[in-house]
Amino acid sequence: MNTETVFAGHSFLSARIKGEPLAHLPQDLYIPPDALEVYLEAFEGPLDLLLYLIRKHNLDILDIPMAELTTQYMAYVEKMKVVKLELAAEYLLMSAMLIEIKSRMLLPKPAEVAEEDDPRAELVRRLMEYEAIKLAAQRLDAMPKVGEDIHVASAYYQHIVEIKPPEVSLDDLVEAWKNVLKRAKLNQHHKLGRSELSVREHMSQILRRLKSEELVEFSQLFDIVNDGLPKLVVNFLAVLELAKEGLVRITQQAAFSPIYLQASALE
Amino acid sequence: MREPENITEMKQILEAALLTAGQPLSLDDMLKLFAGRMERATLRMLLDELKADWGQENSDKTVELVQVASGYRFQAKPQFSEFIARLNPEKQPKYSRAVMETLAIIAYRQPVTRGDIEQIRGVAVNPNVIRQLQERDWIDVVGQREVPGRPSLYATTKHFLDDLNLRSLAELPPYEDFAQSEIPLDS
Amino acid sequence: MREPENITEMKQILEAALLTAGQPLSLDDMLKLFAGRMERATLRMLLDELKADWGQENSDKTVELVQVASGYRFQAKPQFSEFIARLNPEKQPKYSRAVMETLAIIAYRQPVTRGDIEQIRGVAVNPNVIRQLQERDWIDVVGQREVPGRPSLYATTKHFLDDLNLRSLAELPPYEDFAQSEIPLDS
């Protein structure tokens, strides 16, 4: 088995790589370390190289001097320990696979062995799969693409801006409130529950009413028939809170006579 | 490379280029289309023809060729702009932090004066902040506090509740513990 | 706001929007033009009409309406491409073989992990290769495979199909086309 015979008469890659004709033909899966860059540009990996050798040079994938290859690889790995070791590993793995296949081929075969049991079948399957993907990649590369060969209509139009007010969600509001509290360190003082919020809402409502009506009779603030007890209580708490904060004045001319509320400001 | 065979094809190349350019094309740009094999005068003539073909008076055309400072471009006739604008609704601006915090304080602590807000936030309140919220009809003045200067008392409006999809302030999340169950109070 | 008065005006709005979009418009996008006042069936009918009006067979038109994965777009008829390309002489850099092969594997075998790609190509995949395809918005992560390490599963995007002028993956060149002659086993 001699690789020289396999490659006799072939000139490797009639195309030039980096403007230079490639001096040496890859006779096996060994890459001379000094030619690493060139080979890496030419081949995408051991599968690619193997495929090239098979398709272009009718190389039998087993017709490779395994012992010599292994020696070459070990020297290669030594040299490449510092850089690009992972690349060496891929080629090394491939040669290991070939050696394994070869050793299995050399074992005496039982007569009844089926074609599918050929140890080379898996490698051939991978090679053909890779070959199909390689061609698919070339085809995708050649297809017209937007930004290169396809030009999409994009005429101009007058941009009309419709001014809309900012949107505010409940979450935004709560977030803002939390920020306020964080900064003011008011956590201890202002733990608000729903009930207190209701009180504050009623305080605003009463004030708003006092703005238009000036004088409101106390009992008119309460709708005994329609408001449930909780609402009546909240409303009453609101009146007390308003009085406490000095926001309303509560007056009564005589005992048991009507009680009136008026905004403090409206004297 | 192939070159256009006649003036009709040249005009078509010009039209296709202008429709797809995405920006105005200058005369120099357009000359590049023909690899220098066109006179400026011819180009101008073709542009005039295209302008006429696609002009405002041709009611079946939806775009027209117009000349702007940096060259020529096709643009949608004005009557279509408002519809096209619907495809890209302008991103709405956000309220500043000052506006949001002021709103939150008024919502949670109402009725409050500007002084209250300033005390809580620790910074002066820009009158513009209050104005923005009033213009939105989210807050209004519900009275004055009886202290020197009689400052206005602000509260949130019904409109604010509507916009935030709340029935009452009691539906605002109590800020300190959202998980804590509370006795619901109808208001 | 004004709304279109008749079907002719609707068709014109549609045409103007598509001519100005610069990208495919989906049916949902186009419905927005009419503020929800159009049936999908009517829209489809109008698109069919526009396709016919602007079709390849109408030799006076320089752009045609095509359907791609994410919707409809007007694009220059292929015969004008080479001329328009002269406007931007700096071409996009060609992708390396590693990038294109990785893309081919993802396109034809999706969803795949990086390990799958490495298995097929027989070499490690440089993360940069994946990144280039993600930056082009041609691939994205669609999930994780439930194996140790939970590796990301990659698939092609709609944008990839759009860029290659395809409506769906089924329109990719058939994989069978790439199957080559058997590699003989006899030694």
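- In this structure, the portions of Val168(A) lying under 4.5 Å from any heavy atom of chain B include both its backbone and its side chain.
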For residues 135-145 of chain A, tabulate all N or O donor-acceptor pairs below 3.5 Å that involve a side-chain atom, not counting sequence neighbours.
unit_1    : atom_1 : unit_2    : atom_2 : d
Lys145(A) : NZ     : Leu140(A) : O      : 2.9
Lys145(A) : NZ     : Asp141(A) : O      : 2.8
Lys145(A) : NZ     : Met143(A) : O      : 3.0

Could you go through the salt bridge (Lys or Arg N to Asp or Glu O under 4.0 Å) check for Glu101(B) and Arg121(B) one step at a time? CA-CA 8 Å; Glu101(B) 291 188 1; Arg121(B) 291 196 65 227; 2.9 Å; yes
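- Residue Thr62(B) does not touch chain A at all, counting heavy-atom pairs closer than 4.5 Å.
- Within the 4.5 angstrom heavy-atom criterion, no atom of Leu18(B) approaches chain A.
- Within the structure, the ring pair (Phe, Tyr, Trp, His ring centres under 6.0 Å) test picks out the following pairs touching residues 222-248 of chain A (sequence neighbours left out): Phe218(A)-Phe222(A).
- With respect to Glu241(A) and Arg109(B), no salt bridge is recorded, no charged nitrogen being found less than 4.0 Å from a carboxylate O.
- In this structure, chain A has no heavy atom under 4.5 Å from any part of Thr102(B).
- Of the listed residues (Val248(A), Asn235(A), Val152(A)), the greatest number of heavy-atom pairs within a distance under 4.5 Å of chain B belongs to Val152(A).
- Residue Ala21(B) touches chain A through its backbone alone, counting heavy-atom pairs closer than 4.5 Å.
- Using a 4.5 Å cut-off between heavy atoms, Leu161(B) touches chain A through its side chain atoms alone.
- Only the backbone of Ser169(A) comes within less than 4.5 Å of a heavy atom of chain B; no side-chain atom from C-beta onward does.
- A donor and an acceptor atom, one from each side chain of Thr251(A) and Gln262(A), are nowhere located under 3.5 Å apart.
- Environment of CZ in Arg125(A): crowded, with over 12 heavy atoms of neighbouring residues, nucleotides or ligands closer than 6.0 Å.
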